Undergrad: 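Next up is a structure, given as structure tokens.
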Amino acid sequence: MSTEDQLSSSYHILTPLENAFYTNINNQEQPQMMNRIMSIINDRLDDAQQYKDAFNRNPMQPILFDILREIKQKNGLNMRQISNEDDSYKQELARLDTMLLAERIVDRYPNEVSTNNSMEIEHPEYEEKLNRIRHFYHTELARFDKNSNDFCTHVLTLLHEQSQIRPITPEEISHMISMVRKKLCLIQIQLKQNTCEAVMNLRTRFLDARRKRRNFDKTTQKILNEYFYSHLSNPYPSEQVKEELARKCGVTISQVNNWFGNKRGRYKKNMLKNE
DNA sequence: TCGTATGATTGAGA
DNA sequence: TCTCAATCATACGA
């Protein structure tokens, strides 16, 4: 169906503006305007500028643009879908921002001093590499912000220029900008994901290094041995006791479990050897 | 440097 | 899920 047919078939629901247009089309000085619009596709480029200028000077041009804008609006854009996608991107960005905050790549407020948490790794090399990741992230983010603002401004300028020669609704402009922002948002998500991944890799490397065994200090050994030998008949501490011992010794419950597992096995082995 | 002690990991079994 | 036994990797002391 041609555009002209579409216009005709929807005549029964025409708005007052459309009615005015058709009345003018049918009765007044531009009866061939629609035909001219339809055939313009076959024109040579050299002629096109002339037609465009003539079209822009035509007093009916604004009315035609208004109607076409209304038709576009009716045929509509699925804003709800865009809105849902926006929400999921926002959620993903919020999740990544929380991670970047926790890993001290970003501060909650400018000049805020990061507080230490229990998983903090205190190692000069770790700090140095973390600083490099932080610096890279902020540099890239600043570059991204500048480029995306420039790009959006450019798109807006382009759309504004385009609106002189074709009907563009404000919703359509807003839709296009939101599409552009959505694409930019994906780049931002990628940057943040890569940064988080880099920090995780760094953290894993240093946590692995810390897994190198360290003997428990004398106090810890004394506390654990005291419990073990005073409960030789049943050296299986309850969960509550394990928690208490872990707290007293400043080790994890898992370490307490390992210690008792090793101790029972080795004690038994020694006893058998001595018999 | 080497033997031993020790914390952590893994796989099997209850 | 807990325990045990075997094993690994490292710390430690002589």
Side-chain angles (χ1 to χ4, degrees), chain A residues 87-108 112-141 188-275:
Chain A
D87 285 347
S88 71
Y89 288 148
K90 277 178 192 164
Q91 281 173 10
E92 179 64 6
L93 276 175
R95 188 183 70 81
L96 291 167
D97 283 339
T98 306
M99 284 179 73
L100 291 170
L101 196 66
E103 296 300 337
R104 297 182 297 136
I105 296 297
V106 294
D107 291 334
R108 194 180 299 275
E112 180 186 35
V113 177
S114 302
T115 52
N116 287 337
N117 61 44
S118 57
M119 290 297 286
E120 201 82 4
I121 297 173
E122 290 174 12
H123 193 288
E125 194 187 337
Y126 178 82
E127 282 301 319
E128 192 238 320
K129 288 192 188 306
L130 191 70
N131 277 334
R132 275 162 59 184
I133 293 173
R134 191 183 293 126
H135 179 256
F136 177 81
Y137 170 76
H138 286 291
T139 308
E140 287 299 307
L141 193 66
Q188 199 180 14
I189 287 174
Q190 191 65 51
L191 170 66
K192 292 187 176 185
Q193 274 176 344
N194 289 347
T195 307
C196 286
E197 204 174 313
V199 177
M200 287 302 133
N201 287 340
L202 185 66
R203 178 175 276 279
T204 304
R205 226 186 85 202
F206 277 85
L207 281 177
D208 280 349
R210 289 181 76 201
R211 270 170 42 189
K212 284 179 182 174
R213 195 175 64 76
R214 284 260 158 73
N215 287 354
F216 292 161
D217 59 37
K218 297 284 176 204
T219 316
T220 300
Q221 287 181 18
K222 186 168 175 280
I223 293 169
L224 295 173
N225 275 314
E226 271 176 6
Y227 185 90
F228 182 82
Y229 287 108
S230 61
H231 296 78
L232 258 185
S233 57
N234 183 34
Y236 297 87
S238 66
E239 286 306 305
Q240 200 179 349
V241 172
K242 283 178 191 172
E243 280 177 31
E244 180 67 15
L245 287 171
R247 192 186 57 73
K248 273 187 189 169
C249 299
V251 297
T252 66
I253 294 176
S254 168
Q255 285 177 302
V256 172
N257 280 328
N258 287 338
W259 190 91
F260 275 91
N262 285 323
K263 190 70 180 177
R264 283 190 296 263
R266 283 159 186 166
Y267 180 80
K268 192 174 150 190
K269 213 170 169 180
N270 282 338
M271 292 302 284
L272 288 172
K273 202 168 77 178
N274 292 336
E275 277 177 9

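On a predicted model such as this, the values are computed, not experimentally measured, just so you know. Note: hydrogens, waters and symmetry copies are ignored here, and every other heavy atom, side chains too, is used. Letters A, B, ... are given to chains in the order of the sequence lines, protein chains preceding strands, and every chain is numbered from 1.
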Undergrad: Starting at NZ of A:K218 and ending at C1' of C:dA11, how long is that distance when rounded to a whole Å?
TA: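 Rounding to the nearest Å, NZ of A:K218 and C1' of C:dA11 are 12 Å apart.
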
Undergrad: Measure CG/A:N225 against P/B:dA5 and give the value in whole Å, please.
TA: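 These atoms are roughly 14 Å apart.
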
Undergrad: Check A:R134 against A:I105 and note the closest heavy-atom contact, atom names and distance.
TA: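 In terms of heavy atoms, the two residues are closest at CG-O, 3.3 Å.
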
Undergrad: Roughly how many Å is it from CD1 in A:I253 to P in C:dC2, rounded to a whole number?
TA: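 So the two atoms are 10 Å apart, to the nearest Å.
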
Undergrad: Between P on C:dA5 and NZ on A:K263, what's the gap in Å once rounded to a whole number?
TA: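 The answer, rounded to whole Å, is 16 Å.
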
Undergrad: Of A:E239 and A:N262, whose nearest nucleotide on DNA chain C comes first from the 5' end?
TA: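 On the 5' side of the pair lies A:E239.
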
Undergrad: Could you say whether A:K269 or A:G261 is positioned toward the 5' end of DNA chain C, judged by the nucleotide with the nearest heavy atom to each?
TA: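 Between the two, 5'-proximity favours A:G261.
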
Undergrad: Using a 3.5 Å distance criterion without hydrogens, assess whether the side chain of A:Q255 forms a donor-acceptor pair with backbone atoms of A:A246.
TA: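 No: the side chain of A:Q255 does not pair with the backbone of A:A246.
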
Undergrad: Which heavy atom in A:L100 sits nearest to a heavy atom in A:T195, and how many Å separate them?
TA: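 Of all heavy-atom pairs spanning A:L100 and A:T195, the closest is CD2-CG2, 3.8 Å.
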
Undergrad: Within the 4.0 Å heavy-atom criterion, would you say A:K242 contacts the bases, only the backbone, or no part of the nucleic acid?
TA: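 Answer is sugar-phosphate: A:K242 comes under 4.0 Å of backbone atoms only.
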
Undergrad: Answer with base, sugar-phosphate or nothing: what part of the nucleic acid does A:K268 contact at a heavy-atom distance below 4.0 Å?
TA: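 Counting heavy atoms under 4.0 Å across all strands, the contact made by A:K268 is with sugar-phosphate only.
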
Undergrad: Cut-off 3.5 Å, side chains only: do A:S254 and A:N257 have a donor facing an acceptor?
TA: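 A:S254 vs A:N257: no donor-acceptor pair found between side chains.
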
Undergrad: Could you check how far CZ of A:R264 sits from P of C:dA6, rounded to whole Å?
TA: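 For the pair A:R264 CZ and C:dA6 P, the rounded distance is 15 Å.
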
Undergrad: Picking from C:dC2, B:dA8, C:dC12, which would you name as closest to the side chain of A:N215?
TA: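 Nearest nucleotide to the side chain: C:dC12.
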
Undergrad: Give A:R266 one of three labels, base, sugar-phosphate or nothing, depending on what nucleic acid heavy atoms sit under 4.0 Å from its own.
TA: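 Since a base atom lies under 4.0 Å of A:R266, the category is base.
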
Undergrad: Just the rounded figure in Å: distance from P of B:dT9 to CH2 of A:W259.
TA: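 Between P of B:dT9 and CH2 of A:W259: 18 Å.
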
Undergrad: Give the rounded distance in Å between these two atoms: CG of A:N270 and P of C:dA5.
TA: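 The distance from CG of A:N270 to P of C:dA5 comes to 13 Å, rounded to the nearest Å.
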
Undergrad: Starting from C1' on B:dT6, measure out to CZ on A:F260 and report it in whole angstrom.
TA: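 Value for this atom pair: 15 Å.
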
Undergrad: Students often mix this up, so state it plainly: with edges at 30° and 60°, are the rings of A:F228 and A:Y267 parallel, tilted or perpendicular?
TA: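 A:F228 and A:Y267: perpendicular rings.
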
